[in-house]
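What follows is a short report on a single structure.
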Amino acid sequence: MKIAVTGSIAMDHLMTFSGKFSESLVVDQLDKISLSFLVSDLEIRRGGVAPNICFSLGALGLQPLLVGSAGEDFSDYRAWLDRHGVETWPVHISQTKHTARFVATTDDVHAQIASFYTGAMEEARNIELKPIVEKAGGVDIIMISPNDPEAMLRHTEECRSRGYDFVADPSQQIAWMSGEQIRKLIDGAKYLFSNEYEAHLIEQKTGWSHEEILGRVTVRVITRGKSGATIHRAGREAVSVNIVEVAKAVEPTGVGDAFRAGFLAGLSEGLSDERCAQLGSLVSSYVVETVGTQEFRFDGTLPQRFEAAFGAEALADVAGLLDRAIL
Ligand SMILES: Nc1ncnc2c1ncn2[C@@H]1O[C@H](COP(=O)(O)OP(=O)(O)OP(=O)(O)O)[C@@H](O)[C@H]1O
Ligand SMILES: [Mg+2]
């Protein structure tokens with residue numbers, strides 16, 4: 001099964017300031033604000049939703065297509081993704097703009113000053129899926145993850161009009177999108193992913209009830225943090241799946257992306273909703289244990305970890321897939 005993942009491609013520059021921002025702010029001088037903080041740490045992390053999902057799919061032995069827009073500065077990042085099994089040829093390179101960048105400084109009390117430069121990501125709206133699908137010799141499912149909003153709408157429209165199966169993953173973009181835009185992004189999706197909070201927001205903003213949503217998408221997946229995930233289909237009982245517990249949760253950033261990758265990998269094996277979600281939980285557990293979303297590596301305990309959480313019968317169903325995972 002060929003999977004294409006559309007979404008943001010970005011780098012994160014994360015700095016730490018030893019002190020408190022609040023001690024440098026002079027309230028009655030805010031109109032003349034000009035501050036510079038001497039920071040001790042700089043961490044540059046590979047990010048963006050689409051590469052995050054692709055990286056985990058690559059780790060599971062799949063060769064996903066990465067579809068998005070980046071700048072000329074993408075070459076090192078491209079090499080990294082190529083080495084991890086991701087097909088990066090569909091990435092559009094902007095002639096004028098840098099890759100999207102999140103720059104944030106956090107102080108001792110976790111106050112944060114941050115900026116997000118969208119840059120080359122804006123050009124994702126110029127990407128047409130059809131030539132990519134043709135060059136790839138066909139794509140079975142296209143994921144539409146957070147990205148330039150125009151691009152998300154265009155990709156979804158194109159999938160609907162050309163009859164490509166698509167996964168709606170509007171996630172954090174839901175927060176500011178209108179009900180009308182959200183309706184356009186999810187109507188007709190084969191799968192709709194969101195976390196619990198976003199699930200409520202979708203219903204509130206679109207005015208569609210949970211049942212109405214199930215009439216418009218084939219499968220609705222809701223991730224619920226430490227409570228696991230639930231999978232819903234019209235006329236069927238919901239399926240609940242637990243998390244895979246880890247000894248030490250280090251950083252949860254990107255668990256949602258990891259879950260989606262595990263789930264899609266299960267789909268590519270033709271597995272049930274339950275097994276797909278269990279694979280999602282498995283991949284999330286590796287991400288939660290490491291700082292960053294593309295820094296984990298599967299180890300030899302992968303099958304045991306799955307079995308301990310979900311049992312021998314479940315393991316038998318996914319063993320073929322886990323055998324092909326990259327350790
Ligand atoms: N502490 C944890 N330990 C193990 N697995 C976890 C933990 N938190 C979340 N997960 C797994 O990750 C999945 C996604 O988590 P969650 O619902 O928090 O996503 P999210 O809010 O979209 O996260 P983010 O957007 O920060 O990536 C959960 O369904 C669960 O399987
Ligand atoms: Mg999320």
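Computed from a predicted structure; not experimentally measured.
R224 contributes atom CZ, which lies 8.5 Å from atom OG of S194 (distance to the nearest 0.5 angstrom). The distance from atom CE of M152 to atom CD1 of I182, rounded to the nearest 0.5 Å, is 9.5 Å. How far CG of D73 is from OG1 of T99: 3.5 Å, rounded to the nearest 0.5 Å. Rounded to the nearest 0.5 Å, atoms NE2 (H232) and OG (S240) are 7.0 Å apart. I127 contributes atom CD1, which lies 6.5 Å from atom NE2 of H92 (distance to the nearest 0.5 angstrom). Between atom CD1 of residue I142 and atom CZ of residue R162 there is a gap of 10.0 Å, rounded to the nearest 0.5 Å.
A donor-acceptor pair under 3.5 Å is absent between the side-chain atoms of K226 and the main chain of E245, judged by distance alone. Between the side chain of E203 and the backbone N or O of H200, no donor-acceptor pair lies under 3.5 Å. D140 places a side-chain N or O within donor-acceptor distance of the main-chain N or O of K2, the cut-off being under 3.5 Å. Side chain of N242 to main chain of A309: no donor-acceptor pair is present (N/O by atom type, distance under 3.5 Å, no hydrogens or angles). Remark: side-chain polar atoms of T206 are paired, donor with acceptor, to backbone N or O of W208 under 3.5 angstrom. Judged by distance alone, with hydrogens and angles left aside, the side-chain atoms of S284 form a donor-acceptor pair with the main-chain N or O of V255 at under 3.5 Å. Remark: side-chain polar atoms of K20 are not paired, donor with acceptor, to backbone N or O of V109 under 3.5 angstrom. Under the 3.5 Å distance criterion, the side-chain polar atoms of E122 are left unmatched by any main-chain donor or acceptor of D148. Side chain of T118 to main chain of M121: no donor-acceptor pair is present (N/O by atom type, distance under 3.5 Å, no hydrogens or angles).
Heavy-atom minimum distance, D107 versus F21: OD2-N, 2.9 Å. The minimum heavy-atom distance between E198 and S171, with the atom names listed, is OE2-C, 3.4 Å. Closest non-hydrogen pair, Y286 versus T301, comes out as OH-OG1, 3.9 Å. The two residues A114 and A104 make their nearest non-hydrogen contact at CB-CB, 3.6 Å. The two atoms that bring R46 and T293 nearest to each other are O-OG1, 4.1 Å, heavy atoms only. When all heavy atoms are compared, the tightest approach of V246 to S285 is CG1-O, 3.4 Å.
Listed by chain and residue number, T88 satisfy the side-chain hydrogen bond (donor to acceptor under 3.5 Å, both in side chains) test with D82 (two or more places apart in sequence, or in another chain). T106 is linked by a side-chain contact (heavy atoms from CB on, under 4.5 Å) to H110, Q112, counting only residues two or more places apart in sequence or in another chain. When the side-chain contact (heavy atoms from CB on, under 4.5 Å) test is applied to V239, the partners found at least two apart in sequence or on another chain are I231, V241, E274.
When side chains are defined from C-beta on, L192 counts as touching P170, because their heavy atoms get closer than 4.5 Å. The closest side-chain heavy-atom distance from P51 to W80 is not below 4.5 Å. Counting heavy atoms from C-beta on, the side chains of N52 and V49 never come closer than 4.5 Å. By the 4.5 Å heavy-atom criterion applied to side chains, R297 and I326 are counted as neighbours. Side-chain contact check for L62 versus S268: some heavy-atom pair is nearer than 4.5 Å. At a threshold of 4.5 Å between non-hydrogen side-chain atoms, the residues F166 and H155 do not count as touching. In this structure, the side chains of V219 and K190 stay at 4.5 Å or more apart for every pair of heavy atoms. Put simply, the side chain of V103 does not reach to within 4.5 Å of the side chain of Y117, judged on heavy atoms.
In this pair, F193 and F259 present their aromatic rings perpendicular. The plane angle is above 60°, beyond the 30 to 60° band. Note on ring orientation: taking the six-membered ring where Trp is involved, the planes of F102 and F116 are tilted (angle from 30° to 60°).
Enclosure of atom CD in Q29 by more than 12 non-hydrogen atoms of other residues, nucleotides or ligands within 6.0 angstrom is indicated. No more than 12 heavy atoms of other residues, nucleotides or ligands sit less than 6.0 Å from atom OH of Y197. Under a cut-off of 6.0 angstrom, the local environment of NE2 in H98 is sparse, with at most 12 non-hydrogen atoms contributed by other residues, nucleotides or ligands. Dense packing is recorded around CD of E128, with more than 12 heavy atoms of other residues, nucleotides or ligands lying under 6.0 Å away. Residue R236 qualifies as open at atom CZ: its count of foreign heavy atoms under 6.0 Å is 12 or below.
Residues L214 and L201 do not share a hydrophobic cluster, clusters being chains of Ile/Leu/Val/Met/Phe/Trp/Tyr side chains in contact below 4.5 Å. In terms of hydrophobic clustering, with Ile, Leu, Val, Met, Phe, Trp and Tyr side chains grouped at heavy-atom distances under 4.5 Å, L129 and V91 are assigned to different clusters. A continuous path of Ile, Leu, Val, Met, Phe, Trp and Tyr side chains, each step under 4.5 Å between heavy atoms, connects V86 with L321, placing both in one hydrophobic cluster. In the hydrophobic clustering of this structure, V139 does not group with F263; members are Ile, Leu, Val, Met, Phe, Trp, Tyr whose side-chain heavy atoms approach within less than 4.5 Å, directly or through other members. Cluster annotation: L327 is connected to V287 through the hydrophobic network of ILVMFWY side chains, with a link wherever side-chain heavy atoms come within less than 4.5 Å.
Looking at E212 and R183, no side-chain N of the basic residue comes within less than 4.0 Å of a carboxylate O on the acidic one, giving no salt bridge. Salt bridge present: E269 and R324 bring a charged side-chain N and a carboxylate O closer than 4.0 Å. A salt bridge links R216 to D187: one of the charged nitrogens lies within less than 4.0 Å of a carboxylate oxygen. Salt-bridge annotation for E157 and R154: absent, with no side-chain N of the basic residue lying under 4.0 Å from a carboxylate O of the acidic one.
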Verdict with reasoning, M1 to L267, per side chain to side chain contact (heavy atoms under 4.5 Å, CB included): CA-CA 8 Å; M1 186 173 137; L267 273 186; 4.2 Å; yes
Verdict with reasoning, L30 to I33, per side chain to side chain contact (heavy atoms under 4.5 Å, CB included): CA-CA 5 Å; L30 288 181; I33 195 163; 4.1 Å; yes
Intermediate values then yes/no, side chain to side chain donor-acceptor pair (under 3.5 Å), T290 and E295: CA-CA 7 Å; T290 42; E295 305 305 324; over 6 Å; no
Test log, rule side chain to side chain contact (heavy atoms under 4.5 Å, CB included), inputs D165 and Y191: CA-CA 9 Å; D165 281 346; Y191 291 84; over 6 Å; no
Worked check of side chain to side chain contact (heavy atoms under 4.5 Å, CB included) between L185 and Q173: CA-CA 11 Å; L185 288 179; Q173 301 287 45; 5.9 Å; no
